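Here the structure is a predicted model, which means the values were calculated and not measured. Just so it is clear: chains get the letters A, B, ... in the order the sequence lines come, proteins before strands, and each one is counted from 1.
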Amino acid sequence: MPVPKVVTRFAPSPTGYLHVGGARTALFCWLLARHCGGEFLLRIEDTDLARSTEQATVQLLDDLRWLGLNWDNPQLVHQSQRTDVYNRLIDDLMARGLAYEAWETPQELAALRQEAEKQKRAFIYQRRNYSTDQLAQFAAQGRKAVVRFATPVQPYSFHDAVLDKDITQPIEEVQDFVIRKADGMPTYHFAVVVDDAEMGVTHVLRGQEHTKNTFLHLALQKALGYAQPVYAHLPVIQNLDGSKMGKRDRDKKVRERAQVWLKTHQKTVDDLATAAALDAPGLGVWIKDSKTQLDLDQQQAVMQAIHLKESELPEILVNDFRRQGYLPEVLLNFLALLGWSPGEDRERMSIGEMVRLFELKDIGKSNAKFSRDKLLSFNTDAVAEADPNRLIAAFRDYLSVNPASPLTPATDAQLAELLDMKKGFRLLREVDELSRFLFVPDDQIDYQPQAVEKVLKKENNQGASVLRDLRQLLEGSATWEAGALEQQVQSYCSEKNLALGKVAQPLRVAVCGSTVSPPIFHSLAFLGRNRTLARIDRCLTILA
RNA sequence: GGCCCCGUCGUCUAGAGGCCUAGGACACGGCCCUUUCAAGGCCGCGACACGGGUUCGAAUCCCGUCGGGGUCACCA
């Protein structure tokens, strides 16, 4: 007998960029499918018309592609385009007496819930019968009904593949739930069940927040005559402090910092709006209301206005890591380890190894905290071992999502050189930020006051006088090449009895404006003689 | 609060009754290397939540306590 093919699916709702939790779910689904030689399908759950956007779908697909999580269905399933399918099934359930129209308004239901809470008992929806008069009244008011599923009252239970145990719903918790909203769209519960069945999904891997939803899905599957897939609920990914890792964490941080900025700078929201070139009323709402969020462009504008650096924000979205310069396979490797371990102390794995080793039974039961340190270390190692061409391609990709970087016009050969110069780097962002001075016009180098003070002015302008000597030395050097330049400077050092640091640092500050840069002689070689001398001259002029 | 789930170093985890004096990785501390930032080398610190059982023997099995998380929508 042939083993039935494993079919998994990732079914995000298009409300924004993919975040790491979603990425891990997608990864596990993908790994299982690939490990078993099955299929991995993608479906867009856009039944919430108000929150779903086309833009978000595009972003989601882009993130998935970047990660390399390829899906097997050529045409995407959009739930919003399948309402007639759902409606036919819902109408059929109604005809069979398994679903009915319910007329309570959201306000009424909220009141009932509040009442239940006051009485310290769980709210259970009770079906109501309406008189013909009432119904006529509702119709006259234009009130729209929802459809509820008449859940057969019985215990529901399933075997969870992660917990490796049966989970049972207490029978008194069974209640009728909405399957078609007032706007005519199916609810999530109805659409997933129908689509999973129609797409032949055999294994449902999803976040633990869905565990209790499974009972509803079981009831629906039974009524619709569908087979029950294998369920596996994944542990939650948390922040280091134990809070749930959510998309809003960054927005929260930006808001906090914006509020601090307003206070310390004695500014108004209008000032901020002007500085960020944003709409003032909108910004005013955002800054006070933690339920609202800025979109990515607005967020960047505010960050720029208040001088909040990218690196000060927690990375949450897959796109954040991409813009930071992580390699996608590293993110995947790290994410896989959040909740899965192949045993035998194995950690650093290629995608291929993960596919080979992935088993449902090795998924852990307890929540995992997301530690960026370890991810950073993984990236450092991966990037050190990566093929040069792979790295150049990754750098290009990095620049494509960091279009403001002055390195954008660099040639591949130049990128390769920068990468090589800064060997031992951890993130592409480091290479980028540390190399920017090489691509900035000579007369636009910013001299950091503390660097100038410490390295050039201190001890009676010792650094500056060294710099004057070097200017002369470099002007006359026979060859302009890193090794030769270093030798020349070395012999200057022994001649003057100076430590290399006393000489290299003034040079560094003169050329790049700060005390930190890639190895200085390679930097000089990259810059060329003319540009180096021009910078030294300008620095000397500014000092004088 | 009701219901459900979980509980090994700071973090991710290995561990399926004797292989455990509990292993690895990251972080951290010290030393070394060094023209800056990194990277690298060596050494070190560090956990079975607690209390009861079961057993010749428990991190592993059972019960309780405590702690943590999830969920209680016309969002997914």
Does [X] reach a base, just sugar-phosphate, or nothing at all? Heavy atoms under 4.0 Å.
X: Arg346(A); result: nothing
X: Ser514(A); result: nothing
X: Asp183(A); result: nothing
X: Val178(A); result: sugar-phosphate
X: Arg180(A); result: nothing
X: Arg148(A); result: sugar-phosphate
X: His233(A); result: nothing

Take the protein atom [atom1] of [X] and the nucleotide atom [atom2] of [N], then report the distance between them rounded to whole Å.
X: Leu375(A); N: A27(B); atom1: CG; atom2: C1'; value: 14 Å
X: Gln208(A); N: C72(B); atom1: CD; atom2: P; value: 14 Å
X: Gln114(A); N: C72(B); atom1: CD; atom2: C1'; value: 15 Å
X: His189(A); N: C75(B); atom1: NE2; atom2: C1'; value: 9 Å
X: Phe177(A); N: C72(B); atom1: CZ; atom2: P; value: 13 Å
X: Ile124(A); N: A73(B); atom1: CD1; atom2: P; value: 10 Å
X: Arg113(A); N: U71(B); atom1: CZ; atom2: P; value: 16 Å
X: Gln169(A); N: U71(B); atom1: CD; atom2: C1'; value: 12 Å

Could you go through residues 357-370 of chain A and list every donor-acceptor pair under 3.5 Å that involves a side-chain atom there, pairing it with any protein atom two or more places apart or in another chain?
from, atom 1, to, atom 2, distance (Å)
Lys365(A), NZ, Leu163(A), O, 3.4
Asn367(A), OD1, Val236(A), N, 3.0

**Message:** Go nucleotide by nucleotide along RNA chain B from the 5' end; which of Asp166(A) and Pro106(A) gets its closest nucleotide reached first?
**Reply:** Asp166(A)
For [N], give the paired nucleotide (Watson-Crick: N1-N3 plus N6-O4 or O6-N4; G-U: N1-O2 and O6-N3; both under 3.5 Å), or none.
N: U55(B); value: none
N: U35(B); value: none
N: G2(B); value: U71(B)
N: C42(B); value: G30(B)
N: G64(B); value: C50(B)

Can you check whether [X] and [Y] have ring centres sitting under 6.0 Å from each other?
X: Phe215(A); Y: Phe158(A); value: yes
X: Tyr188(A); Y: His210(A); value: yes
X: Tyr326(A); Y: Phe321(A); value: yes
X: Phe526(A); Y: Phe439(A); value: yes

**Request:** Take Leu93(A) and Ile179(A) through the side chain to side chain contact (heavy atoms under 4.5 Å, CB included) test and state the conclusion after the steps.
**Result:** CA-CA 11 Å; Leu93(A) 285 177; Ile179(A) 54 177; 4.1 Å; yes
Out of [options], which nucleotide sits closest to the side chain of [X]?
X: Arg51(A); options: C74(B), C75(B), G70(B); answer: C75(B)
X: Ser13(A); options: C74(B), G69(B), A76(B); answer: A76(B)
X: Pro170(A); options: C3(B), C26(B), C5(B); answer: C3(B)

Short N-O contact, [X] and [Y], less than 4.0 angstrom:
X: Asp160(A); Y: Lys165(A); result: no
X: Arg43(A); Y: Glu198(A); result: no
X: Glu385(A); Y: Arg348(A); result: no
X: Glu430(A); Y: Lys422(A); result: no

**Request:** Sugar-phosphate atoms are those with a prime plus P, OP1 and OP2; base atoms are the rest. Using that split, label each nucleotide of nucleotides 7-21 of chain B B, S or - for protein heavy atoms under 4.0 Å, 5' to 3'.
**Result:** S---SBSS-------
**Request:** Treat primed atoms plus P, OP1 and OP2 as sugar-phosphate and everything else as base, then score nucleotides 34-41 of chain B 5' to 3': B for base contact with protein heavy atoms under 4.0 Å, S for sugar-phosphate contact only, - for none.
**Result:** -BBBBSS-
**base_contact_polar (C5(B) base, Lys165(A) side chain, donor-acceptor, <3.5 Å)** = no
For [N] versus [M], give the span between their [atom1] atoms, rounded off to a whole number of Å.
N: G15(B); M: A25(B); atom1: C1'; value: 16 Å
N: U13(B); M: G29(B); atom1: P; value: 24 Å
N: G2(B); M: U65(B); atom1: P; value: 13 Å
N: C61(B); M: G17(B); atom1: P; value: 9 Å
N: G41(B); M: A59(B); atom1: P; value: 35 Å
N: C62(B); M: G44(B); atom1: C1'; value: 40 Å
N: A47(B); M: G64(B); atom1: P; value: 29 Å
N: C3(B); M: U11(B); atom1: C1'; value: 30 Å

**Message:** How long is the straight-line distance from OG1 of Thr53(A) back to CG of Asp46(A), given to the nearest 0.5 Å?
**Reply:** 10.0 Å
**Prompt:** Does the cation-pi check pass for Arg148(A) over Tyr125(A), that is, NZ or CZ under 6.0 Å from the six-membered ring centre and within 45° of its axis?
**Reply:** yes
**Request:** Output yes when at least one side-chain N/O atom of Lys212(A) is less than 4.0 Å from OP1 or OP2 of A76(B), else no.
**Result:** no
